Amino acid sequence: MRSTSDHITFDHGHLRSHPSGVGGGDIPCRSTTDDHETFGHVLRLEVGAESMCGPSLVNRYGHSIVSDEPDPAESDELSGSGLAAEKARRLGLLDEMRQQGLNPYPYRFDRTHTLAEVRRTWGELEPGVETDDAVSVAGRIMLKRDSGKLVFATIRDRSGEVQLFISKAVVGDDAFAAAKALDLGDWLGVDGTVMTTRKGELSVKPSELALLSKAIRPMPDKWHGLADVDTRFRQRYADLIVNEEARRNFEIRHETIASFRRTLATHGFIEVETPVLHPEVGGAHARPFTTHHNTLDMDLYLRIAVELYLKRLIVGGMERVYEIARTFRNEGVSTRHNPEFTMMELYQAFGDWNEVMDISEELITTAARDALGTTVIEVRGESVDLAESWPRKRMIDYASEGTGVELHPSMPLLDARRVAADHDVFVEDRWGTGKIIEELFEKTSESSIVRPTFVTGHPVEISPLARVDRNDPYLTERFEIFVDGREIGNGYSELNDPVEQRLRFEEEQAAKEAGDAEAGSLDEDYLRALEYGMPPTGGLGIGIDRLAMLLAGADSIKEVILFPTLRPEAN
RNA sequence: GCCUCUCUAGCUCAAUGGUAGAGCAGUGGACUUUUAAUCCAUUGGUUCUGGGUUCGAGCCCCAGGGGAGGCACCA
């Protein structure tokens with residue numbers, strides 16, 4: 001809560017009472033010493049914002065804004081050039097500016113062109129051309145080359161990079177000195193004209209430069225960037241500043257999600273938001289995070305899936321809904337798992353698993369086209385065209401081929417256990433044949449699936465919310481999408497028979513009581529919803545993080561999550 | 001949770017158990033078409049932390065911490 005009384009103290013009258021500054025009347029408190037002339041022309045000032053010219057003004061945090069203390073440049077801290085000394089040096093520059101009434105953190109800058117727009121408009125200019133075309137651009141200083149009476153600086157905004165051609169003869173001695181004092185990492189706003197150098201480098205020749213924000217901390221290595229993965233993930237801001245790859249990965253993630261929304265909109269899906277705090281765990285097989293609401297005095301779970309809520313909406317007649325849902329699972333962290341991750345789940349009334357498989361292909365293929373400009377991606381050195389129809393193959397067929405034994409959930413449990421033992425697959429006592437078949441599939445086949453593939457027909461035992469296969473009572477109409485050995489999606493014909501659903505829940509409940517920490521609980525409200533009648537429905541979930549990994553070619557989920565879950569920093 | 005690897009200047013990296021170095025960044029200087037600008041000079045260290053072995057430890061040993069990869073679990 002800001003109040004004027006404890007905010008920076010200044011008054012407009014004070015500003016007005018000062019004679020106009022030399023350089024255009026907007027610099028109220030110019031110092032007359034040569035030292036302070038350094039910044040004399042570099043700043044474009046906003047009225048009122050920089051009027052704290054009096055001695056020892058203190059802001060609401062108690063920091064001195066302007067003081068008569070000795071310049072930090074003379075303090076002990078600056079005797080070296082470690083991080084502390086470097087920060088002290090730059091803070092000293094700030095003090096110096098403020099003593100002149102200049103604000104190193106002005107409130108705004110009006111730009112006319114992004115750097116990509118500059119490049120798009122003037123990119124074809126011949127070498128050595130000077131135009132009269134005026135632009136205002138802004139960006140962070142990434143490189144700086146100081147050459148006598150010229151300074152070349154490369155600035156970057158979100159769209160790209162452009163060089164500044166700063167000429168002493170154009171900007172004048174004072175502004176040129178100020179430009180020389182700029183540091184890598186500083187944000188700059190520039191008014192100037194477009195030109196090309198003799199070698200053809202597209203440049204903006206500034207007539208006026210404005211420091212938009214002073215960097216106090218030095219940038220990572222301008223050439224090598226930031227390589228330490230720990231630092232890259234903890235200080236994502238630094239990673240994004242210096243690593244093109246990081247920026248690209250999150251661009252791809254964004255384009256993927258944006259593409260999903262467009263595709264779903266064309267199919268008449270409605271985006272909804274359902275609770276993150278769930279009183280019951282359901283919709284997937286996973287261990288939840290638990291939390292507590294104080295006023296209600298109620299334990300709650302962070303959602304592990306949104307399935308049961310979205311299907312309630314299908315009962316309610318919303319027909320086509322989806323949610324891009326942050327989801328939480330209290331399980332291991334790996335290159336493929338983050339405790340919080342994003343799933344897109346959709347439900348489509350009157351459809352079954354066939355419609356949902358079709359839309360899976362469309363969503364992912366379109367996302368690739370939108371994010372990468374191509375549907376051809378590289379997977380394990382293999383060129384894969386997502387636009388080619390994805391093969392469909394039953395899980396029991398994979399497992400049978402993998403083991404050399406004809407497997408089916410109807411086979412006696414003892415036989416299934418023997419096959420598992422032959423393949424070094426650990427089996428829990430409570431597992432039935434269906435679960436053992438899934439384990440055998442994962443052991444023998446999962447990692448060998450490279451191109452996108454629908455693995456279908458999961459046993460009923462491991463699919464408590466999926467409808468039984470219309471042709472085989474032991475299997476369900478379910479599929480999982482595998483690419484590069486990883487599951488990225490899961491869908492099925494939704495079970496809508498409330499009586500059968502209750503029986504399935506009761507089996508899960510029994511498993512939970514038998515010690516399965518990941519089993520869901522019986523959700524009476526969901527059953528009540530089904531009792532009102534849910535139309536035939538197809539449902540789908542796609543792991544957005546994993547899809548982003550696939551499209552970005554990232555080998556770790558942390559590369560596509562801006563702030564992955566990490567232990568707190570040491571000390 | 002287990003196994004392996006890793007941690008040195010702000011960043012990227014060196015350094016047989018024997019005085020901790022380089023490049024970048026920074027500082028001072030030269031340079032009006034550079035572009036990882038270049039050239040000259042130069043500052044900067046709790047070698048992750050704590051013990052131990054040794055005349056001597058960045059290096060060897062033990063314990064702890066962070067991270068990565070693999071396994072397990074899951075998506």
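Remember, predicted model here, so these are calculated numbers, not experimental data. Below, chains carry the letters A, B, ... as their sequence lines are ordered, and counting in each starts from 1.
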Handout entry: B/G67 phosphate, OP1 or OP2, under 4.0 Å from A/R234 side-chain N/O
Key = yes
Handout entry: A/E442 CD - B/A72 P separation (whole Å)
Key = 10 Å
Practice task
Decide yes or no, distance alone: a donor-acceptor N/O pair under 3.5 angstrom between the base of B/U35 and the side-chain of A/T154.
Solution key: no
Fill in the blank from the handout: Against the side chain of A/M195, the closest entry in B/C31, B/U33, B/A25 is B/U33
Practice task
May I ask you to check whether A/Y398 and A/F482 place their ring centers less than 6.0 Å from one another?
Solution key: no
Handout entry: Check: B/U34 base within 3.5 Å donor-acceptor of A/Q163 side chain
Key = yes
Completion exercise
Ranking B/A68, B/U33, B/A25 by distance to the side chain of A/P218, first place goes to B/A25
Problem - Atom-to-atom span, CG of A/L226 to P of B/A36 - whole angstrom - result: 21 Å
Handout entry: For atom CG of A/D228 and atom P of B/C11, their distance in whole Å
Key = 8 Å
Problem - A/M142 CE to B/A37 P, straight-line distance once rounded to whole Å - result: 11 Å
Exercise for the section: Assert yes or no for the condition that the ring centre distance of A/F479 to A/Y492 is strictly below 6.0 Å. Expected result: no
Handout entry: Integer-rounded Å distance: B/C11 C1' and A/D221 CG
Key = 5 Å
Problem - Nucleotide of B/U34, B/C31, B/A75 approaching A/F152 most closely (side-chain heavy atoms) - result: B/U34
Handout entry: C1'-based separation of B/C40 from B/U49 [nearest Å]
Key = 41 Å
Problem - Nearest-Å distance once atom C1' is located in both B/U42 and B/C59 - result: 30 Å
Practice task
Could you work out the separation of B/G28 and B/G44 based on their C1' atoms and round it to a whole Å?
Solution key: 15 Å
Completion exercise
A/L150 has its side chain closest, among B/G10, B/U35, B/U32, to B/U32
Practice task
Whole angstrom is fine here: how far is it from CG in A/L566 over to P in B/G66?
Solution key: 11 Å
Problem - A/S159 side chain to A/R120 side chain, donor-acceptor N/O pair below 3.5 angstrom - result: no
Exercise for the section: Would you please say whether a donor-acceptor pair under 3.5 Å links the side chains of A/E438 and A/H458? Expected result: no
Problem - Value in whole Å for how far the C1' atom of B/G28 lies from CZ of A/R89 - result: 13 Å
Exercise for the section: Just compare B/C11, B/G69, B/A25 and give me whichever is closest to any side-chain atom of A/S556. Expected result: B/G69
Practice task
Tell me whether A/F341 is stacked on the nucleobase of B/A75, counting only the six-membered base ring and applying the 5.5 Å and 30° thresholds.
Solution key: yes
Completion exercise
When rounded to whole Å, the CD to C1' distance for the pair A/Q235 and B/G66 reads 14 Å
Exercise for the section: Report yes if at least one side-chain N or O of A/R567 is closer than 4.0 Å to OP1 or OP2 of B/G66; otherwise report no. Expected result: yes
Problem - Interatomic distance, A/E508 atom CD to A/R504 atom CZ [nearest 0.5 angstrom] - result: 10.0 Å
Problem - Separation of the C1' atoms in B/G67 and B/G52, to the nearest angstrom - result: 26 Å
Problem - Interatomic distance at C1', B/C24 relative to B/G51, whole Å - result: 37 Å
Exercise for the section: State whether A/K222 places a side-chain N or O below 4.0 Å from either non-bridging phosphate oxygen (OP1 or OP2) of B/A37. Expected result: yes
Handout entry: Rounded P spacing from B/U8 to B/C71 in Å
Key = 27 Å
